[in-house]
Engineer: 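After the structure tokens below, expect a handful of questions from me.
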Amino acid sequence: MILELIAATRTRSGLRVQAELDQGSYPLGVKVSDRELAAVPLRRHDWHGEWNYTVLPTAAVTVQGSVGALRLA
């Protein structure tokens, strides 16, 4: 239901949103330190930058958590 609502979104200027369900399996409980999170290159948006941001591309980064490593590329 939610996915259908998101997929049907269109702005007044015609921007259309594409959404699809990712049925991948991801590990739970991965801990990321404040230092590791601060190293992720973000461009915060003017409006509610704590929620709205763009993750900028960089070389691959490996985040080591208590459960295992997460490779971000």
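All values below come from the heavy atoms of this structure, side chains included, with hydrogens, waters and symmetry mates left out.
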Engineer: Search all heavy atoms of Val32 against all heavy atoms of Leu37 and return the closest pair with its distance.
Structural biologist: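 That would be CG1-N, 3.8 Å.
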Engineer: Which pair of non-hydrogen atoms, one from Tyr53 and one from Leu42, has the smallest distance, and what is that distance?
Structural biologist: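 It is CD1-CD2, 3.6 Å.
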Engineer: For the residue pair Glu36 and Lys31, what are the closest heavy atoms and their distance?
Structural biologist: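 Heavy atoms only, the tightest pair is OE1-O, 4.2 Å.
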Engineer: Return the CD to CG distance between Glu50 and Asn52, rounded to the nearest 0.5 Å.
Structural biologist: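 Answer rounded to 0.5 Å: 7.5 Å.
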